[in-house]
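Reminder, nothing fancy here: chain letters follow the sequence lines and each chain counts from 1. None of these values were measured; they are calculated from a predicted model.
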Amino acid sequence: MKKIPDKDILIFKSCLISGEYPGVESSTKYLFDKLGVEYVVEDRQSCCTGLGYYYDLFDQYSTTALAARNFAIAREIGHKNIATMCSTCYAILKKSCNILNENDKVRNKINQIFKDSKLDNLIYSPGDMDSEGNIFHVAEVLWSKKAEIKDLPMIDLSELKIATHHACHYFKVHYKEDSIGNKRNPLLLDDLANACGTETIGWYDHKKTTCGAGFRQRYANLDLSLSVTADKLMSLKENDVDILLHMCPNCQMQFDRYQPVIEKNLNTKFNLAHLNIAQFLALAMGADPYKVVGIQTHTVSPDKVLEKIKQASPVAV
Amino acid sequence: MEFKTIKIGKNNNKLTDSIIKDLKTSKDIGVLKCIQCGMCTSVCPASRHSEYDSREISKRVLEEDESLIYDDIIWNCFYCYTCHSVCPVGNSVSEIIQVLRQKAIINEEFEQIVTFLAFGESLLELGIGSIPIEYYSELIEVIGNDYPEFKNKLDEIREELGLGSLNLPDEDVKDIGNILEKTGFKDRLEKIRAYKKSINSEQ
């Protein structure tokens, strides 16, 4: 069983969360505050390069050099337990960490760059970070606090039909090492929904299918991209799902921004809204939908959840 | 049907060797262990919806078919790693494709990535990536006017949510620029920029 920390955490900023769904970051902070998880957010931390990496623009070497820089900053501020909100950050950082620990040639070359740039403070020594012991997804930190979550007062959202979308770069990339749960039927998000008293529909056709963003595909090959997204949306429609829970801003963007487009293309209606798991948990705990959860940046408004929140007052335990 | 025996150590497996040793691939990647079972294709979104076929990619790699590097079909992969997560012998077509595309780029085939230039430029300018600018107007067209409206109010919304600055301090952006210059990334961007200019002037 892997040990998930609840202190010395650096919430690792994500470019898509910062620019598309900033409410995921504020919801994460809200939850960590409630659950007593000690964390910081750091201005100097850069993007992981992930989107550029998977647009094939970034080479592994450049990506690893920037990871080494971010790792050094995390260590310097005494918060070397990284918790990512994006599954691509998660996969990219783990990969870079393994390279820095295991590949002497690449590490030495990167360290030489730091020396030549008078950035000696960034120099990486093997073992400075541990891919399994220091790099986590925020959902994992929340998962480790299930018992505490169960004890908190919660708005009853159990009448909603909930399904989960486990991001590919969380459960398919480093699955051999340490992703939580079964790669054949991932349940990390289902467990978290259960912790706040809501059932999920569990398995559904296309549960494991990718969101369809496909990095370049969403832009360079939109029809191909949306046909994959539609597979999943049609399955969710058959199951009358109200809310799809996410753990990656790229997936959330694909579904939330493009759902109306797919509705138009297929001449159908999906009565489905999209929330990151941190947004969902924060709403269930009574967080303000606009001032904390940031739903004003969503394309599809989660009206059914808002209605439930309006009806209910928090139940004291 | 053509049969070919792979003779290990005879240096006639240049492509497979270079893929296995590439920094982008997992250190235990099972390229040579592929048994053509087709599990990868059965779960692949690109194989389901296009001419792309994961198993065929793996086969052509084993056949040392270097024309794959210049075959447009490799650009259909979604990088969802579903193939990677189900392969019974630890092969990863997803990682193979990443290496093939890098080979194309190293050979200055920029056609497929030129539109993503803006991501690199944004990273160098602000320290964070951004949506390719070429697609921004397309996004507004498909998503609607609410999209640019909230984007214009982003700073205000972030402030209301109690979040910090979107961009990195100038000093840090400078450091990142220095690092990316020395890794060769700036050079790569420069080449792609020149390519973009050349195709624009042709039009």
Problem set entry | Part of L23(B) lying under 4.5 Å from any heavy atom of chain A | both

For this session: Against chain A, label I105(B) side chain, backbone, both or neither, depending on which of its atoms sit under 4.5 Å from a heavy atom there.
Result: side chain

Exercise. Could you go step by step and tell me if T88(A) and H169(A) meet the side chain to side chain donor-acceptor pair (under 3.5 Å) rule?
Worked result: CA-CA 5 Å; T88(A) 295; H169(A) 286 191; 3.0 Å; yes

For this session: Under 4.5 Å heavy-atom distance to chain A, tell me which part of C83(B) shows up: side chain, backbone, both or neither.
Result: neither

Exercise. Which residue out of K27(B), E95(B), K182(B) racks up the most heavy-atom pairs below 4.5 Å with chain A?
Worked result: K182(B)

For this session: Quick one: which of D22(B), V43(B), I113(B) has the most heavy-atom pairs under 4.5 Å with chain A, could you say?
Result: I113(B)

Seminar exercise, completed: If one checks every heavy atom of I106(B) against chain A at 4.5 Å, the contacting part turns out to be neither

Problem set entry | Interface residue of largest heavy-atom contact number with chain A, from I128(B), L163(B), D146(B), under 4.5 Å | L163(B)

Exercise. For N76(B), is it the side chain, the backbone, both, or neither that has a heavy atom closer than 4.5 Å to a heavy atom of chain A?
Worked result: both

For this session: Among the options Y79(B), F78(B), W75(B), pick out the one with the most heavy-atom pairs lying under 4.5 Å from chain A.
Result: F78(B)

For this session: Taking atom CG of N152(B) as the centre, report whether more than 12 heavy atoms of other residues, nucleotides or ligands fall under 6.0 Å from it.
Result: yes

For this session: Anything under 30° is parallel, anything over 60° is perpendicular, the rest tilted; go ahead and classify F171(A) against H166(A).
Result: perpendicular

Exercise. Which answer fits Q102(B), side chain, backbone, both or neither, if we ask what part of it has an atom under 4.5 Å from a heavy atom of chain A?
Worked result: side chain

Exercise. Does the distance from a Lys or Arg side-chain N to an Asp or Glu carboxylate O, for E190(B) and R193(B), drop under 4.0 Å?
Worked result: yes

For this session: Name the region of F110(B), side chain, backbone, both or neither, that has any atom closer than 4.5 Å to a heavy atom of chain A.
Result: neither

Exercise. Contact part of L154(B) toward chain A, heavy-atom cut-off under 4.5 Å: side chain, backbone, both or neither?
Worked result: side chain

Problem set entry | L126(B), part contacting chain A, at a heavy-atom distance under 4.5 Å | neither

Problem set entry | Part of L168(B) within contact of chain A (heavy atom distance under 4.5 Å) | both

Seminar exercise, completed: Okay, F150(B) and chain A: the region with an atom under 4.5 Å from a heavy atom over there is side chain

Problem set entry | Pair Q252(A), Q279(A): side-chain N/O donor-acceptor within cut-off below 3.5 Å | yes

Problem set entry | K109(A) atom NZ: more than 12 heavy-atom contacts under 6.0 Å | no

Exercise. So which part of V173(B) gets closer than 4.5 Å to some heavy atom of chain A, the side chain, the backbone, both or neither?
Worked result: neither

Exercise. Tell me, side chain or backbone of D155(B) under 4.5 Å from chain A's heavy atoms, or both, or neither?
Worked result: neither

Exercise. Would R44(A) and E76(A) pass as an ion pair if we require N to O under 4.0 Å?
Worked result: yes

Problem set entry | Pair R257(A) + E20(A), salt bridge at N-O below 4.0 Å | yes

